[in-house]
There are 2 protein chains.
Amino acid sequence: MSTRVDHEQRRARIAEALLRIADTQGLQAASMRVVAAEAGVSLRQVQYYFHTKDELLIDALARLSAQLQVRMQKWIAAAGSPPTPRSIVTAILSCILPTDDESRRITRTYAAYYTLVLSEPKLAEQHATTYPDMLESFLAKQVRAAQQAGEVAAARDPELTAAGLLAMTNGLGSSVLGGQRSGEAALTVLGHHLDELFGAGGPESPSAAK
Amino acid sequence: MSTRVDHEQRRARIAEALLRIADTQGLQAASMRVVAAEAGVSLRQVQYYFHTKDELLIDALARLSAQLQVRMQKWIAAAGSPPTPRSIVTAILSCILPTDDESRRITRTYAAYYTLVLSEPKLAEQHATTYPDMLESFLAKQVRAAQQAGEVAAARDPELTAAGLLAMTNGLGSSVLGGQRSGEAALTVLGHHLDELFGAGGPESPSAAK
DNA sequence: GCGCAACTGATACAGGCGTATCAACAACAG
DNA sequence: CTGTTGTTGATACGCCTGTATCAGTTGCGC
């Protein structure tokens, strides 16, 4: 078993070239040949490390998902030295919004995958669909904690509230990508709703960033 | 000026074939030849009535937009014999959610266009982008009216509230299309937030601080 | 040395794409 | 009738797609 080259490294290089193209030009522009050129390798090499295009597509999507998870971990960790439910929720949601270069890249690339996944569900099967659900229930847990701390009205349903917040954030992200709104404007909208959710007189500023 | 055939009728037939394919298989499957077959006409005819594919794409998008507007008008009209701001807002938002066949078709087709518009902004220029903004300010107007009627807390910013509601609805729609949630579940989430917005316990509720 | 396995370059295949071309046909104007 | 205009079928162009093939070359175990 002689491994003269590092397979993982090669695959990563190619997959990230694919993601770069998906970000800047959309997935329909990401042909095998274009990806090879972007990665600076031959078409043959792309074929060698990914036997089929679907394999490449799925692998790249998994890497993108991992990148987003890393980013979210960072933002949650930076939510405050004593992390409150509100700061955690704010961190997660504003982390998803396309407000800086990294989040713009990630959300744009996810958007590029969106319609593809819709029209080819078999591609989505390979990908862990469980992740958005986990995020939603994690948010719900934070809402429940905030209720016990008296920061959120007890009448709120935690699951429905969390689902709504996440959906709103995704919708705001779409509008930012569509050029309808700036990232800051989206943060303002989100902040206003978080103010409304957590008693407006709460201990955290609405537009907490990083 | 002899018009042996009705151009508008032909164009409509072809454009709607395109929309049907975009709905069921995505826009990437909508080639000129496939559209022609779906419409039951020859490739030449598609070329004749739409000189280029972009022209067809844009025309079909305009028709889709018109269909959504008709649907919204109907839903607003059916909002109640004395239409209250709340019933109007509820009608508009739930009209957009993919809960019945027509709305599923429309939202799916819009989703198919989404990434295309993102990667080719020149296509979006041709389309009236002003329409979502109009919708948003219309919602804001309803929120303001509800505030004057005492149904919504005065502390709410109407524009930000409207933007958030619309974004949430769009996000919920995406999750429904993605199979993450049923249309009824999305309606439940939306309803919960509308309950929260319009005081669940009747008008003039000073529950919110400040 | 030999042989085997990993790896790669060049090139070809069949097929789909958007678009263009050209001859033909239908109907009406004069 | 002729001529003009609107409409159509058949077909071809050049390009790009994902994938396959096959002869190479490299490096390591033996």
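These numbers were taken from a predicted model, which means no experiment stands behind them. Letters go in sequence order (proteins before strands), and every chain restarts at 1.
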Undergrad: Please indicate whether B:Lys53 has more than 12 foreign heavy atoms, meaning atoms of other residues, nucleotides or ligands, lying under 6.0 Å from its NZ.
TA: yes
Undergrad: Scan residues 8-24 of chain A against DNA chain D and write down, sorted by residue number, each residue with any heavy atom closer than 4.0 Å; if none is found, say none.
TA: none
Undergrad: Is B:Ser42 close enough to D:dT8 that one of its side-chain N or O atoms is under 4.0 Å from OP1 or OP2 there?
TA: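 No, outside the criterion.
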Undergrad: Can you tell me the distance, in whole Å, between the OH atom of A:Tyr48 and the P atom of D:dG24?
TA: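 Computing the A:Tyr48:OH to D:dG24:P distance gives 19 Å.
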Undergrad: Side chain to side chain donor-acceptor pair (under 3.5 Å): which pairs involve residues 31-42 of chain B, sequence neighbours left out?
TA: B:Arg20-B:Glu38
Undergrad: Could I get the full list of salt bridge (charged side-chain N to carboxylate O under 4.0 Å, His left out) partners for A:Glu8, not counting sequence neighbours?
TA: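 Result, salt bridge (charged side-chain N to carboxylate O under 4.0 Å, His left out) vs A:Glu8: A:Arg63.
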Undergrad: Check the distance between D:dT25's P and A:Gln45's CD and give it to me in whole angstrom.
TA: 18 Å
Undergrad: Within this structure, what is the NE2-to-C1' distance between A:His51 and C:dA6, rounded to whole angstrom?
TA: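 Those two atoms, NE2 and C1', are 12 Å apart.
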Undergrad: Taking C-beta and beyond as the side chain, do B:Tyr110 and B:Val117 meet within less than 4.5 Å on heavy atoms?
TA: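 No, side chains not in contact.
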Undergrad: In whole angstrom, what separates B:Glu55's CD from C:dG18's P?
TA: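 Distance, rounded to whole Å: 15 Å.
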Undergrad: Return yes if some donor-acceptor pair links the side-chain N/O of B:Gln147 with the main-chain N/O of B:Ala153 below 3.5 Å, else return no.
TA: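 Pair found, side chain donor or acceptor close to backbone of B:Ala153.
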Undergrad: Using the ring pair (Phe, Tyr, Trp, His ring centres under 6.0 Å) criterion, which residues pair with A:Phe50? Sequence neighbours excluded.
TA: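 With sequence neighbours excluded, A:Phe50 shows a ring pair (Phe, Tyr, Trp, His ring centres under 6.0 Å) to no residue whatsoever.
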Undergrad: Distance check needed: C:dC17 P versus B:Leu57 CG, whole Å only.
TA: 14 Å
Undergrad: Polar atoms only, N or O, under 3.5 Å: list the protein pairs with nucleotides 15-18 of chain D and their distances.
TA:
{"residue": "D:dT17", "atom": "OP1", "partner": "A:Ser31", "partner atom": "OG", "Å": "2.9"}
{"residue": "D:dG18", "atom": "OP1", "partner": "A:Lys53", "partner atom": "NZ", "Å": "2.6"}
{"residue": "D:dG18", "atom": "OP2", "partner": "A:Met32", "partner atom": "N", "Å": "2.9"}
{"residue": "D:dG18", "atom": "N7", "partner": "A:Arg33", "partner atom": "NH1", "Å": "2.8"}
{"residue": "D:dG18", "atom": "O6", "partner": "A:Arg33", "partner atom": "NH2", "Å": "3.0"}

Undergrad: As a quick check of understanding, evaluate side chain to side chain donor-acceptor pair (under 3.5 Å) for B:Gln142 and B:Arg86, giving each step before the final call.
TA: CA-CA 8 Å; B:Gln142 300 302 322; B:Arg86 172 169 192 166; over 6 Å; no
Undergrad: Within the 4.0 Å heavy-atom criterion, would you say B:Phe50 contacts the bases, only the backbone, or no part of the nucleic acid?
TA: nothing
Undergrad: Expressed in angstrom and rounded to an integer, what is the separation of B:Gln47 atom CD from D:dA10 atom P?
TA: 14 Å
Undergrad: Partners of A:Glu102 by side chain to side chain donor-acceptor pair (under 3.5 Å), sequence neighbours excluded?
TA: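 In terms of side chain to side chain donor-acceptor pair (under 3.5 Å), with neighbours along the sequence ignored, A:Glu102 is linked to A:Arg71.
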Undergrad: OP1 or OP2 of C:dA6 less than 4.0 angstrom from a side-chain nitrogen or oxygen of A:His7, does that happen here?
TA: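 So the side-chain polar atoms of A:His7 never come under 4.0 Å of the phosphate oxygens OP1 or OP2 of C:dA6.
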Undergrad: Only one of B:Arg108, B:Arg104, B:Arg105 passes side-chain hydrogen bond (donor to acceptor under 3.5 Å, both in side chains) with B:Asp23; say which it is.
TA: B:Arg108
